[in-house]
Amino acid sequence: MEGFAERLRSLIGVGSISAFARKVGLSEALIRKYLKGAEPGLGKANQIAMGANCSLEWLATGCGYLYRQAEVVDREALAAAGTLLQELQPEQSLPDERQLVILLAYYQFLRSHKRADGFLDLALAREFGKHLNEA
């Protein structure tokens, strides 16, 4: 199983260490220390996970999912939200549930799978979209 340094290196990807350090709000020297094998405490690990938009469980242990699993749509909550919206705007028609689920899935996927440079990864989202009918 990979160690913390390897998982951190994969989060940094092809970007620079200094850019990643700025992104997660830590010093470049501290990130380099972790890349050489030092392991952060829970607070620093969580700061890295939040800044890199990855799962703390994966970052700390290598288990679980790399990214937060935000792309799962709670259909009961979606239906309730639609009902509440209709109460506020009864004259407006809503898109059908399938369209809303796809829109939310894309939105949540894009939020949780940003590129290392912080920009949206539309190509990866298009690949994700090819599998939406399987869900």
Side-chain angles (χ1 to χ4, degrees):
M1 180 181 296
E2 298 182 335
F4 180 84
E6 289 80 22
R7 290 187 294 278
L8 181 59
R9 195 173 321 283
S10 73
L11 283 178
I12 295 169
V14 297
S16 73
I17 295 170
S18 61
F20 182 82
R22 283 190 305 275
K23 178 179 174 181
V24 300
L26 295 173
S27 72
E28 182 178 345
L30 189 55
I31 296 297
R32 288 186 185 282
K33 181 178 172 182
Y34 296 150
L35 289 169
K36 290 180 181 175
E39 294 202 5
L42 181 58
K44 297 289 187 202
N46 189 51
Q47 186 174 343
I48 293 169
M50 295 296 287
N53 197 30
C54 78
S55 158
L56 177 59
E57 177 187 17
W58 175 84
L59 181 60
T61 68
C63 297
Y65 296 98
L66 168 58
Y67 292 102
R68 296 185 199 118
Q69 295 300 297
E71 63 268 11
V72 175
V73 175
D74 181 336
R75 290 177 186 254
E76 183 179 353
L78 177 63
T83 299
L84 293 169
L85 184 58
Q86 282 298 120
E87 289 173 8
L88 288 175
Q89 300 176 346
E91 68 284 349
Q92 300 284 338
S93 64
L94 292 174
D96 67 34
E97 181 180 315
R98 176 167 167 56
Q99 291 171 318
L100 286 173
V101 167
I102 290 171
L103 176 67
L104 286 171
Y106 271 128
Y107 169 75
Q108 292 175 332
F109 182 88
L110 285 164
R111 281 186 56 231
S112 64
H113 292 80
K114 287 185 178 178
R115 297 185 328 212
D117 60 8
F119 289 97
L120 299 176
D121 192 337
L122 295 178
L124 187 61
R126 286 184 181 98
E127 286 301 311
F128 167 76
K130 293 177 182 177
H131 304 285
L132 282 175
N133 288 330
E134 300 166 8

Q: Under 4.5 Å between any side-chain heavy atoms of Asp121 and Phe128, yes or no?
A: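 Sidechains of Phe128 and Asp121: no contact.
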
Q: OG of Ser27 to CZ of Arg32: how many Å apart, nearest 0.5 Å?
A: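 These two atoms lie 10.5 Å from each other.
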
Q: Using 0.5 Å steps for rounding, measure from the OG atom of Ser16 to the CZ atom of Arg22.
A: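 Reported value, rounded in 0.5 Å steps: 6.0 Å.
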
Q: Does any N or O in the side chain of Gln47 come within less than 3.5 Å of the main-chain N or O of Val24, such that one atom is a donor and the other an acceptor?
A: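 Present.
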
Q: For residues Leu59 and Arg7, report the shortest heavy-atom separation together with the two atoms involved.
A: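 It is O-NE, 2.9 Å.
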
Q: Looking at Lys130 and Glu127, is any side-chain nitrogen of the basic one under 4.0 Å from a carboxylate oxygen of the acidic one?
A: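 Yes, charged N to carboxylate O under 4.0 Å.
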
Q: Could you walk me through whether Leu56 and Leu42 pass side chain to side chain contact (heavy atoms under 4.5 Å, CB included), step by step?
A: CA-CA 9 Å; Leu56 177 59; Leu42 181 58; 3.9 Å; yes

Q: Do you know which two heavy atoms are closest between Gly37 and Ala5, and how far apart they sit?
A: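 Closest approach of Gly37 to Ala5: N-CB, 4.5 Å.
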
Q: Go through the steps for Leu35 and Phe4 under the test side chain to side chain contact (heavy atoms under 4.5 Å, CB included), then give the verdict.
A: CA-CA 8 Å; Leu35 289 169; Phe4 180 84; over 6 Å; no

Q: Measure the NZ-OH distance between Lys44 and Tyr34 for me, rounded to the nearest 0.5 Å.
A: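 Reported to 0.5 Å precision, the distance equals 6.0 Å.
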
Q: Would you check if Trp58 and Cys63 make a side-chain contact, meaning some heavy-atom pair closer than 4.5 Å?
A: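 No, side chains not in contact.
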
Q: Can you tell me how far the CG atom of Leu11 sits from the CZ atom of Arg9, to the nearest 0.5 Å?
A: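 Here the interatomic distance stands at 11.5 Å.
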
Q: Are Ile12 and Ile31 side-chain neighbours, meaning at least one heavy-atom pair lies under 4.5 Å?
A: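 With C-beta onward as the side chain, the pair touches.
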
Q: Would you sort out whether Leu8 and Phe20 count as a side chain to side chain contact (heavy atoms under 4.5 Å, CB included), showing the intermediate values?
A: CA-CA 10 Å; Leu8 181 59; Phe20 182 82; 3.6 Å; yes

